[in-house]
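Notes to accompany the following structure.
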Amino acid sequence: MAGLIAAIVILGLGIAFLTMRSQWEAGELRYQLKQVDSESFRIADQFGDHLRRLNDMLFQGGRNHTPPDARVFARNSHELDLWIDAQKPKLTSQAERSLMQQIDNAYDDYLRASTELVIRLQTLGNQSAKEDDYASLRRESRRLFDLVQALTREHLASRDHVLARANSDLTHLRVLALVSLVLLFLLGLALGAVVYRDMIVPLRVRLVESETLLERQEKLASLGVLAAGVAHEIRNPLTAIKAALFIRQRKFEPGSQEAADAQVIDREILRLERIVNEFLLFARPGECQLSPVLAHEPLREVHALLAPELAKSNIRLVLQETPSLRILADDEQIRQVLINLVRNSAEAIGRDGVIKLRGRAGRKHLGGKECEVAILEVEDNGKGIPPDVQKRLFDPFFTTKSTGTGLGLSIAVRIVQAHGGVLEYQTAPGLGTTFGIVLPRQAADGGLGAA
Ligand code: ADP
């Protein structure tokens, strides 16, 4: 997208430059044409005037029997000489320059003829000059006039040349500007398409997603209220049943049928209690009381609590070495999450397996920035999580177990998020699963280890 915007800006600048350039060229052309036009006629006029004045001096002298003053004639003829020299730098084409050279030569011939005529008129004295005396002057004058006419035509031809060249330059510029405009339009279209694809479409998708999420959350909230209400109502009679059972249990003979039934009832009461507690925790998550904790402490406590229970199903709960990692956590809640994860692992194994508990340091993106983190991991070699279950893994009330509530992972996610962390997992169906509680790590001096 940045590339597209840069291309559009460059193209825009290019078009602006071309427009200015073509305007400048058009102005320049207008100026040149004006110059050439007036220059051509000026050359012919001025030369004609000068020559006519010289000729008049000579013709009138002949007619009036008063030969022209040689000094005045020389001055006037010198003026024309100077004028010819002054025109030379203004000529642009080779043809004009060669014509001017011919004019220069013809003018020398003209001067020679006119000097001869002046001498002739002086020798005639009172006699009238004959037509033949002027013949040479007339010939040279005509030659000069013809050459000047030719120079004027050449000058106009050079104007046409300038015009043609400028026209072709302007046409090129116009074509270039047109192509740039078309390109600009296409780039604009491409930019529009990219903006639509990369910004508008994702925004619309996100809008639909957040609407769906909002709807789901509203549904879940009302479901949570209902669940909490039911759980609350169950908890009181359950406590009464538990107390009554406790009193009765002492009266039953050990090993009797009654004692065995009482044990089953006790186990089911415990299960009911767990469900009720999960419902209540989901509906009303407790306040998160953060305090500095070393990561291996909750791991050690959970190991001590669950290892004996899991050993009954021949599941080894292994506490692996964990470096000293300081985190800010609600000890109780993190323990709760670990217990949930270990129980899920045990249920995924069934019998005979290994669950490993460990903590490790890492760097992750949390809350939009890169952080030093501590990751508390629970790894099992259970059946793994199939793709269709992964899609709904963190959905509340989603369970694949006949006795599950489907609340364990959604409660875990909520708790971890309240700690500013994330719950991540890796799974390989048939091989096992590793859940990781990623939490921001505290630096040794107590500050958070953000990058
Ligand atoms: P529950 O344990 O009550 O089913 P959870 O939210 O804790 O609810 O888990 C949801 C589902 O995720 C489980 O029913 C199970 O299918 C799957 N699951 C969770 N942890 C694991 C695991 N370690 N291995 C395999 N599947 C798991």
Minimum heavy-atom distance Pro440-Ile327, with the two atoms named: O-CG2, 3.8 Å

Nearest heavy-atom neighbours spanning Asp330 and Gln289: OD2-N, 2.7 Å

Side-chain atoms of residues 302-320: list all donor-acceptor pairs with protein atoms under 3.5 Å, sequence neighbours left out, distances to 0.1 Å.
unit_1 : atom_1 : unit_2 : atom_2 : d
His303 : NE2    : Leu317 : O      : 2.8
Asn314 : ND2    : Asp352 : OD1    : 2.7
Gln320 : OE1    : Arg358 : NH1    : 2.8

Over-ring placement of Arg414 relative to Phe282, 6.0 Å and 45° cut-offs: yes

Exercise: identify the closest heavy-atom pair between Leu144 and Ala106: CD2-CB, 3.8 Å

Pair Asp49 + Arg52, salt bridge at N-O below 4.0 Å: yes

Heavy-atom pair of closest approach, residues Leu51 and Ser141: CD2-O, 4.0 Å

Criterion side-chain contact (heavy atoms from CB on, under 4.5 Å) against Ile375, the qualifying member of Leu325, Val422, Val438: Val438

Gln390 (side chain) donor-acceptor with Ile385 (main chain) under 3.5 angstrom: yes

pair Glu218-Ser222: side-chain heavy atoms closer than 4.5 Å: no

Stepwise side chain to side chain contact (heavy atoms under 4.5 Å, CB included) check, Leu423 with Phe394: CA-CA 10 Å; Leu423 185 65; Phe394 299 107; 3.7 Å; yes

Any Val205 side-chain heavy atom under 4.5 Å of Val201 side chain: yes

side-chain contact (heavy atoms from CB on, under 4.5 Å), paired with Val416, selected from Ile411, Leu439, Leu376: Leu439

Salt-bridge criterion met for Arg271 and Glu268 (N-O under 4.0 Å): yes

With Ser345, the side chain to side chain donor-acceptor pair (under 3.5 Å) member among Thr434, Asp380, Thr433: Asp380

Side-chain ion pair, Glu347 and Arg343, N-O less than 4.0 Å: no

Atom of Val208, atom of Thr212 and distance for their closest heavy-atom approach: O-OG1, 2.5 Å

Ion pair Glu372/Arg363, N-O distance below 4.0 Å: yes

Criterion side chain to side chain contact (heavy atoms under 4.5 Å, CB included) on Leu203 and Leu207, from CA distance to verdict: CA-CA 6 Å; Leu203 266 181; Leu207 189 72; over 6 Å; no

Asn381 side chain to Val354 backbone, donor-acceptor under 3.5 Å: yes

Check against side chain to side chain contact (heavy atoms under 4.5 Å, CB included), Leu393 and Phe398: CA-CA 7 Å; Leu393 196 62; Phe398 171 76; 5.5 Å; no

Check: Phe397 and Thr405 side chains under 4.5 Å, non-hydrogen atoms: no

Side chains of Asp261 and Phe252 in contact at under 4.5 Å (non-hydrogen atoms): no

Selection residues 5-18 - residue pairs positive for salt bridge (Lys or Arg N to Asp or Glu O under 4.0 Å), sequence neighbours left out: none

Candidate pair Arg97 and Met100, rule side chain to side chain contact (heavy atoms under 4.5 Å, CB included), full reasoning: CA-CA 5 Å; Arg97 275 191 288 274; Met100 194 46 116; 5.6 Å; no

Exercise: identify the closest heavy-atom pair between Asn340 and Gly408: ND2-O, 3.5 Å

For residues 230-248, dump all side-chain donor-acceptor pairs below 3.5 Å to protein atoms at least two apart in sequence or in another chain.
unit_1 : atom_1 : unit_2 : atom_2 : d
Thr239 : OG1    : Arg235 : O      : 2.7
Lys242 : NZ     : Glu273 : OE1    : 3.3
Lys242 : NZ     : Glu273 : OE2    : 3.1

Glu332/Arg335 ion pair, N-O < 4.0 Å: yes

